[in-house]
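Below: the structure, in structure tokens.
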Amino acid sequence: MKYESVRSAVRRVFLLLTLLALGACAPRLIPPPAIPPAQPLPPVQPQQLPPPVQPQVPGFPPPVGVPHNAVSAGVRAGPPVATLPMAPATAANALAAFKISCPSVTRREDASGLTRPSDWAAACAAAATWPVSNAIGFFATYFEAAEVQGPAHVTGYFEPEIAGSRTRIPGYDTPVYAKPADLLETNPLTGQRGRGRIDQFGRFVPYYERAEIEDGALAGRGLEIAWARDPIELFFLEIQGSGRLLLPDGQVMRIGYAGQNGREYKAIGRIMRDRGILQTGGTSMQNIVDWLRANPEEGRAIMRENKSYIFFTELKGPGPLGSLGRPVTPRATVAADPKFVPLGAPVYISVDRSEANGLWVAQDTGGAIKGANRFDTFWGAGPEAARLAGGMSARGAALVLVPKGTVARLSMSGSAPAQR
């Protein structure tokens, strides 16, 4: 999972030069499909829906004017799926990813309010035997487009490769920790959800932050699953949520998200920009890394301002895994906010970066991927993946593909608000 997956407001910073040095021959997980040129979405004919029925979350009403899910944000019917410009190869890749998600999407409750688990049954049954050569026809047959209010912002992530060792040897001194048993997801004293631990006085307190962990709060507990050569590289691998450790004997150890300490995530690129350390437009991954290496003490202090810390597990099967607990697919998976996109749903993206245009599938989430039409595209592993993900910051429009009949059902139930 990527940062609440196995997928950051400025979450995607990348180890491009490191990957270029280490991974010139790194395998791509899935051969990339042909990339269609950028094309605008067809004109959307708005469908006026009834006034909203304001949802209530007991004890936690959403702030005034801030939508808490897709329905409260505003939904309208999009153009017919068959009219959306897409390349057959990208549709085929999306169909393969959708089939992977089906066992989850047919059981998972949808926090966006758009769909019900049973809505996906027909599409998932058909996907199992649908010919890949007519993937566009599959999506046109079983789905309709829904537009959630707001512009789209698209970034990218990938699977980094860094130097590591299964055991602590000279030069490999930064521990890669498994999830500790005392990291609790719920306060046992009150039943309230939230990560923390029970301290020596029997109180439920926040879990150790990054600085405390780096200073040895977890040392000596047998939680080390590996050791990294470079703490800066491991820091950025945490942001990606999964990666590959290139071992001294030439083997590869894949690690994936196992948990997070529950502390606040801060994007250090934004911190450095706000303080004038790096200029706006100069907060690329390489600029950040260069500065951290040139200023080790100040750099370490800035990294510690990101109190969030990620725990890992070794991945021995397909992976990396997304928030559905299933493998993510390069050039087909996006991380999205499940309050605005049903996890497992296809998403059509049309932005000012042609590489990202076409069909994707929401199979992951991210700590910084919040709000309507906020997507993080997954590009796989290797230098090309790092290049694409590292440079991906695109704007445009997006549509959520939902099972046919969804928009009409929302309209009839009064669950969807009137449009702008």
Side-chain angles (χ1 to χ4, degrees), residues 1-7 15 18 22 159-189 193-265 300-301 303-323 325 327 367:
M1 239 172 175
K2 190 187 87 30
Y3 225 2
E4 263 343 41
S5 138
V6 229
R7 44 237 64 144
L15 296 173
T18 300
L22 296 176
E159 191 178 17
E161 295 172 319
I162 71 172
S165 172
R166 290 185 179 276
T167 59
R168 188 172 189 176
I169 59 177
Y172 295 77
D173 298 310
T174 303
V176 179
Y177 284 123
K179 182 180 177 181
D182 64 342
L183 172 56
L184 305 177
E185 302 287 334
T186 302
N187 183 344
L189 307 178
R193 287 194 59 80
R195 295 186 181 98
R197 63 185 178 89
I198 300 296
D199 69 5
Q200 67 269 35
F201 304 108
R203 302 171 302 187
F204 185 77
V205 297
Y207 204 73
Y208 301 112
E209 62 179 76
R210 174 176 298 279
E212 294 172 306
I213 293 172
E214 291 180 351
D215 286 341
L218 301 180
R221 293 170 54 174
L223 296 170
E224 299 87 354
I225 63 170
W227 299 81
R229 186 169 66 185
D230 187 334
I232 295 176
E233 290 183 356
L234 181 61
F235 177 88
F236 287 111
L237 189 150
E238 283 188 48
I239 293 174
Q240 300 304 308
S242 64
R244 303 178 182 197
L245 302 184
L246 306 180
L247 306 180
D249 61 2
Q251 296 188 53
V252 175
M253 176 182 179
R254 300 183 70 189
I255 58 175
Y257 176 95
Q260 189 255 1
N261 63 346
R263 306 302 289 266
E264 179 187 5
Y265 172 81
R300 184 166 181 257
M303 288 192 292
R304 286 183 165 200
E305 292 190 46
N306 173 26
K307 297 181 180 181
S308 174
Y309 193 93
I310 299 300
F311 302 105
F312 292 98
T313 186
E314 182 174 2
L315 300 177
K316 296 186 177 180
L321 302 180
S323 297

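Index from 1, following the sequence.
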Spacing of [X] atom [atom1] and [Y] atom [atom2] [to the nearest 0.5 Å]:
X	Y	atom1	atom2	value
E233	E238	CD	CD	13.0 Å
Y257	F312	OH	CZ	10.0 Å
I162	M253	CD1	CE	11.0 Å
R304	I213	CZ	CD1	10.5 Å
I169	L247	CD1	CG	9.0 Å
I310	Q240	CD1	CD	11.5 Å

Residues in side-chain hydrogen bond (donor to acceptor under 3.5 Å, both in side chains) contact with [X], at least two apart in sequence or another chain:
X	answer
E264	none
R168	D173
E314	R166
E185	K179, R195

Hey, are the side chains of [X] and [Y] touching, using non-hydrogen atoms and a 4.5 Å cut-off?
X	Y	value
L245	W227	no
Y208	P180	no
R254	P320	yes
L246	V252	yes
L237	V176	no

Residues that [X] engages under side-chain contact (heavy atoms from CB on, under 4.5 Å), provided they are two or more places apart:
X	answer
Q200	none
P206	R263
A301	none
P188	L184, I198, F204

Quiz item: F311: what forms a ring-ring contact (aromatic ring centres under 6.0 Å, His included) with it, not counting sequence neighbours?
Solution: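 Result, ring-ring contact (aromatic ring centres under 6.0 Å, His included) vs F311: Y309.
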Self-check item: Steps toward side-chain contact (heavy atoms from CB on, under 4.5 Å) verdict (E212, Y207)
Solution: CA-CA 10 Å; E212 294 172 306; Y207 204 73; over 6 Å; no
Quiz item: Does any pair with a residue in residues 216-227 pass salt bridge (charged side-chain N to carboxylate O under 4.0 Å, His left out), and if so which ones, sequence neighbours excluded?
Solution: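 Applying salt bridge (charged side-chain N to carboxylate O under 4.0 Å, His left out) to every pair that reaches into residues 216-227, excluding sequence neighbours, yields D182-R221.
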Practice problem: Looking only at non-hydrogen atoms, find the nearest pair between V205 and D199 and report the distance. | Solution: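 Shortest heavy-atom contact: CG1-OD2, 3.6 Å.
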Exercise. Can you see which heavy atom on P248 is nearest to which on G164, and at what distance?
Key: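 Heavy atoms of P248 and G164 come nearest at CD-O, 3.2 Å.
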